[in-house]
Amino acid sequence: MREEKVAIYCRLSEEDKNKQNATDDSGSIQNQKAMLRDYADRMGWELYGIYSDDDYAGSDRNRPEFKRLLADAQARKFDIILCKTQSRFTRELELVERYIHGLFPIWGIRFVSIVDNADTANKGNKKSRQINGLVNEWYLEDMSDSIKSALDSRRKNGFHIGSFALYGYKKDPDLKGHLIIDEEAAAVVREVFTLFSQGYGKTAIARMLNDRGIPNPTEYKRMQGLRFSLPPSKNSTLWKYFAISDMLVNETYIGNLVQGKYESISYKTSINRPRPKEQWFRVEGTHEPIIDRALWDRVQKMITERAKPFKVGTIGLFAKKVRCASCGYVMRSSKSGGRHFLQCPNRHYAKGACEGAFISVNRLERMVIDELRRLNAEYLDMDELECKVQFNANLLEQKQEIEAEIVTYQGKINQFSKGVRDLYLDKVKGLICEADFIELSKDFTSQKERLESQVLECQKQIAEIEVKIAVGDNRRELIEKYVKVKHLTREMVEILIDKIMVGKRIQGTRNVPIEIHWNF
């Protein structure tokens, strides 16, 4: 008989405080490895390998070794996954159901955790594994609420909360939550405020700093050895208009802390949403100011005077729809001699930063209308039957995908329904008390209701697709509806266009290359 191969998975469940070096294993990880190796030896299993995530949370789905473990499990490189507890593998009930009860049996992988006696080879303890998953899920939620409450308390008391200090400051090594001035960066902050008070524009100030080779706040943090990162689209070393604009209105520079502008949507995601202004935490005089009050007041007055009041109905025809083909930035509108233009803002910040796309709004409007007319002519030449078959095939494919989602949801609904029935039987047998039954069944029921609402939404989408199939391909009608217009409206642009990429004018000609991405 072939000796079974086991993969050991370890994870540090709390903040690592006992490592000498960042590359060392913590004591907790070392203990887990020793315990699991000993258990595998006693069971007579062959050790395939050890997967170890040190200093990662159980709710983090992007743990590097966790992801490698799942990939190797799918490739069937071993037979058993061995952990200290189920929570070391994951604290999310969704992942318990997806992997431990769903994919692992399909892949032929047995899951075993020592302390809480989870073992997928023993069908009798599936309910206990599900209850472990629920308890771990509640733990995550309670821990998230506790952390949020503690952080809000510190914000109310004027302590800085954040991984990095604002540009111009650094964290006080002797007092946690206190900011001290970083003189090198603070000198740039003072210069920005002074230049603006002297009448220089924000774009002009950005260009001056770039011409002198002064690193922007992101690059400056990296140069200080801080692991600061941004999305690739914003990962630039140049000063930009918005960096100057944000700096000029940030109260941190006059010694005040304003925090809590955003909050997490859920403990299960890192996505944040804006908080109402009245819920922000504002504490005055928490640290030494970089900008004196007189200069601050003068700058704020100038910003207010320069601000252009928003008028309803004045939104640009192509606002936020046009991007520079060279750098991908949204092109900004400008006005000269009574005419409106769109240009890439990047070309103003530094030489060579971008090729500099530029086009008049009137010309772009004519090009869009001309392209609509070309598409209309193309549809007239197109075989009607061939067009309809292709259109219906796309819709049928969408319908099949949604139907597959419904099957998945129905399977999960059945699981939760069975879970409630099993819990009831356990209560009748006296295995769990009334209070535990109510709490556990309440969660099962809420999950079931959530899935049922998703099924209803999917059924609604299928009904809409079936109507489209019955009516037929309306793309031609959509194009024909607007092909005779002489001018576009904002409503037309919203309906017809996803985005437009504009390139640099072809040298020696008046031709500006554009690429229109339609909504149909």
Side-chain angles (χ1 to χ4, degrees), residues 57-63 66-67 70 74 86-87 89-107 111 120 126-127 129-145 148 262-274 391-424 437-471 474 498 519-520:
S59 59
D60 188 346
R61 300 187 179 194
N62 292 314
R63 289 169 271 157
F66 177 75
K67 291 170 72 175
L70 295 177
Q74 186 174 8
Q86 182 177 300
S87 64
F89 177 75
T90 182
R91 288 191 179 275
E92 292 190 77
L93 180 61
E94 182 186 343
L95 295 191
V96 170
E97 292 298 324
R98 183 190 302 176
Y99 291 106
I100 297 179
H101 298 151
L103 292 173
F104 285 174
I106 295 172
W107 297 342
F111 179 84
T120 53
K126 182 177 180 180
K127 286 193 290 293
R129 294 195 300 271
Q130 289 173 324
I131 291 171
N132 283 340
L134 277 174
V135 171
N136 289 324
E137 188 89 22
W138 293 334
Y139 168 82
L140 279 178
E141 189 171 7
D142 289 344
M143 183 173 65
S144 173
D145 290 341
K148 189 182 294 184
Y262 295 86
E263 63 181 354
S264 174
I265 292 175
S266 164
Y267 67 93
K268 290 187 177 184
T269 177
S270 58
I271 299 173
N272 292 326
R273 63 185 172 194
F391 173 74
N392 284 343
N394 292 337
L395 289 177
L396 286 171
E397 185 178 333
Q398 291 177 32
K399 182 181 175 182
Q400 288 167 0
E401 289 176 357
I402 296 171
E403 286 173 340
E405 287 182 26
I406 290 177
V407 171
T408 303
Y409 292 146
Q410 291 288 8
K412 291 181 179 179
I413 288 169
N414 293 336
Q415 288 178 8
F416 283 120
S417 297
K418 185 177 181 299
V420 174
R421 289 196 301 269
D422 290 343
L423 283 172
Y424 179 76
F437 168 75
I438 292 171
E439 284 297 322
L440 293 171
S441 62
K442 187 188 298 181
D443 189 77
F444 279 142
T445 303
S446 65
Q447 294 281 6
K448 180 170 169 282
E449 289 172 351
R450 178 180 61 83
L451 290 167
E452 286 170 344
S453 68
Q454 288 178 315
V455 168
L456 289 174
E457 180 60 31
C458 287
Q459 290 171 340
K460 181 181 175 184
Q461 291 175 19
I462 288 175
E464 290 173 355
I465 288 173
E466 288 174 343
V467 169
K468 287 182 180 179
I469 292 173
V471 171
N474 70 335
D498 176 37
N519 280 329
F520 49 82

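Note that the structure is a prediction, hence the values are computed from the model and not measured. Index from 1, following the sequence.
Using cut-offs of 30° and 60° on the angle between ring planes, the pair F89 and Y99 is perpendicular.
Considering CD1 of I106 and NE2 of H101, their distance stands at 13.0 Å, rounded to 0.5 Å.
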Please lay out, stage by stage, how Q454 and L451 fare under the test side chain to side chain contact (heavy atoms under 4.5 Å, CB included).
CA-CA 5 Å; Q454 288 178 315; L451 290 167; 3.3 Å; yes

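In this structure, I100 and P105 approach most closely via the heavy-atom pair O-CD, 3.6 Å. Contact record, Q86 with F111: CA-CZ, 4.2 Å, taken as the closest heavy-atom pair.
Scanning for side chain to side chain donor-acceptor pair (under 3.5 Å) contacts around K67 gives an empty result, with sequence neighbours left out. For E452, the side chain to side chain donor-acceptor pair (under 3.5 Å) partners two or more places apart in sequence, or in a different chain, are K448. With sequence neighbours excluded, no residue forms a side chain to side chain donor-acceptor pair (under 3.5 Å) with R421. For Y409, there are no ring pair (Phe, Tyr, Trp, His ring centres under 6.0 Å) partners at least two apart in sequence or on another chain. In this structure L456 satisfies the side chain to side chain contact (heavy atoms under 4.5 Å, CB included) test together with Q459, sequence neighbours excluded.
The closest donor-acceptor contact from the side chain of T90 to the backbone of V96 lies at 3.5 Å or more, if one exists at all.
No side-chain heavy atom of L103 sits under 4.5 Å from any side-chain heavy atom of L70. For the pair K399/I402, no side-chain contact is recorded, criterion being any heavy-atom separation below 4.5 Å from C-beta on.
Applying the salt bridge (charged side-chain N to carboxylate O under 4.0 Å, His left out) test to residues at least two apart or on different chains, the pairs with a partner in residues 400-420 are K418-D422.
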